[in-house]
Amino acid sequence: QVQLVESGGGLVQPGGSLRLSCAASGITLRNLPVSWYRQAPGKERELVATIYSTFAGTNYADSVKGRFTISRDNAQNTVYLQMNTLKPEDAAMYYCHARDFRNTDYWGQGTQVTVSS
């Protein structure tokens, strides 16, 4: 059974930082593209960042470039999202996503990020 478990969300002041984790079981993330999405109330889910399997290339939404960093720890079978200089508009539920070689999509349950003073 494949599980993606996000953690690391919480309440942070504007300008602060958080590191989200996506820990996988039942699937090896090393060779798969893994993404972080977010969804704020009343808004569509949006792609935040992706880390690819080949040469560990990455891609970011324009709104988070220079502030967020996606990375992976293959030994821990975990993907991280380091979020710096957080803004109120970054507040959302953050979800981890992976797609396997059969194009099956896997989602975590989400972790809430609140940015408020």
Applying salt bridge (Lys or Arg N to Asp or Glu O under 4.0 Å) to K65 and not counting sequence neighbours gives D62

Side-chain contact, heavy-atom cut-off 4.5 Å: L29 with V79?
yes

Same cluster (ILVMFWY, side-chain, under 4.5 Å), L20 and W107
no

Following the transitive rule for hydrophobic clusters with a side-chain heavy-atom cut-off under 4.5 Å over Ile, Leu, Val, Met, Phe, Trp and Tyr, establish whether V2 and W36 coincide in one cluster.
yes

Determine whether S116 and L11 satisfy the following criterion, side chain to side chain contact (heavy atoms under 4.5 Å, CB included), listing intermediate values before the conclusion.
CA-CA 7 Å; S116 175; L11 172 64; 4.2 Å; yes

I need the I51 CD1 to L32 CG distance, nearest 0.5 Å.
12.0 Å

Under a 3.5 Å distance rule, please check whether N59 uses its side chain to pair with a backbone N or O of T50 as donor and acceptor.
no

Output for pair (R19 CZ, F68 CZ), nearest 0.5 Å, gives 14.5 Å

Spacing of T58 atom OG1 and Y52 atom OH [to the nearest 0.5 Å]:
8.5 Å

I'd like to know if the side chain of N74 reaches the main chain of N77, judged simply by a donor and an acceptor atom lying under 3.5 Å from each other, with no hydrogens or angles considered.
no

What side-chain donor-acceptor pairs closer than 3.5 Å can you find for residues 80-98, not counting sequence neighbours?
from : atom 1 : to   : atom 2 : distance (Å)
Q82  : NE2    : N84  : OD1    : 2.9
N84  : OD1    : S17  : OG     : 2.9
D90  : OD1    : R38  : NH1    : 2.9
D90  : OD1    : R67  : NH2    : 3.0
D90  : OD2    : R67  : NH1    : 2.7
D90  : OD2    : R67  : NH2    : 3.4
D90  : OD2    : K87  : N      : 2.8
Y94  : OH     : R38  : NH1    : 2.9
Y94  : OH     : D90  : O      : 2.6
H97  : NE2    : D105 : OD1    : 2.9

Would a 4.5 Å heavy-atom cut-off, applied to side chains only, mark Y37 and V48 as touching?
no

Flag, side chain of T111 to backbone of G9, donor-acceptor distance under 3.5 Å:
yes

With a 3.5 Å distance limit and no angle check, can you tell me whether E6 reaches the backbone of Q109 through a side-chain donor-acceptor pair?
yes

S63 side chain vs A61 backbone, donor-acceptor pair below 3.5 Å
no

